[in-house]
Colleague: 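Following this message is one structure expressed as structure tokens.
What you are looking at is a predicted structure, and each value in this text was computed from that prediction instead of being measured. Remember, it's 1-based here, ligands and their atoms both numbered in the order they're listed.
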Amino acid sequence: MSDLKIKTYPDKILKKNAIQITDINGKIQTLIDNIVDTMYCASGVGLAAPQVGESKRIIVVDVSEIEKKCSLMILLNPKIVYNEGEVVYEEGCLSVPQFKAEIERYERVFVKAINREGNPIEIEGTGLLSRALQHEIDHLNGLLFIDKLNPAERKLFEKTYRKCKIR
Ligand code: CO
């Protein structure tokens with residue numbers, strides 16, 4: 001078990017487009033396991049590889065505390081293939097500690113990916129699962145939830161976040 005250090009804004013790796021996984025080897029599986037451990041250690045509901053300094057298209061999501069039917073999901077090269085509806089809800093991120101904001105997301109998404117063993121999977125997400133999937137996939141494209149703030153909110157964020165950051 002390994003608890004990795006989580007990169008925080010404005011670390012440059014969070015802005016990068018992560019690379020596709022083409023070969024699932026032991027090294028990748030160890031990285032996946034460490035990302036899972038790191039997510040649980042930080043009490044997060046999701047984590048993406050760039051957040052631990054690895055610019056690779058891997059996300060892990062576990063919303064089972066809130067969405068009882070769900071369990072841990074490990075998704076490589078995830079892609080949203082269908083979306084529906086819109087919903088606004090409060091959101092935060094382990095890479096932007098102590099800041100939360102109301103963010104609009106699709107209400108429902110279908111995601112195609114491959115799992116830890118390299119098998120193709122397709123999942124449907126609603127509620128928190130839908131939100132977590134979109135948030136984590138954004139990380140793979142160098143996007144943070146604060147990038148979705150309107151200019152006035154973003155300005156306020158930059159002002160207060162830099163002043164109050166506790167690391
Ligand atoms: Co995040």
Colleague: Linking Ile, Leu, Val, Met, Phe, Trp and Tyr through side-chain heavy atoms less than 4.5 Å apart, which residues share a cluster with Y82?
Modeller: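 So far as hydrophobic clustering goes, Y82 is joined with V81, F110.
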Colleague: Under 6.0 Å from the OH atom of Y106, do we count more than 12 heavy atoms belonging to anything else shown?
Modeller: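 No, the 6.0 Å shell around OH holds no more than 12 heavy atoms from other groups.
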Colleague: For Y161 and F99, take the angle between the two ring planes, folded into 0 to 90°, and tell me which bin it lands in: parallel under 30, tilted 30 to 60, perpendicular over 60.
Modeller: perpendicular
Colleague: So which pairs with a foot in residues 109-119 pass side chain to side chain donor-acceptor pair (under 3.5 Å), sequence neighbours left out?
Modeller: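 Those involving residues 109-119 are D33-R116.
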Colleague: With 2.8 Å as the threshold, which protein atoms of type N, O or S lie near the Co ion (ligand 1)? Leave waters out.
Modeller: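 You should have found C93 SG, H135 NE2, H139 NE2.
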Colleague: Using a side-chain heavy atom cutoff under 4.5 Å and only I, L, V, M, F, W and Y, what cluster partners does I114 have?
Modeller: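 Under the 4.5 Å side-chain rule, I114 groups with L4, I6, I21, I24, I28, L31, I32, I35, V36, M39, Y40, L47, V52, I58, V60, L72, I74, L76, L94.
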Colleague: Hey, is K148 close enough to E104 for a salt bridge, meaning N to O under 4.0 Å?
Modeller: no
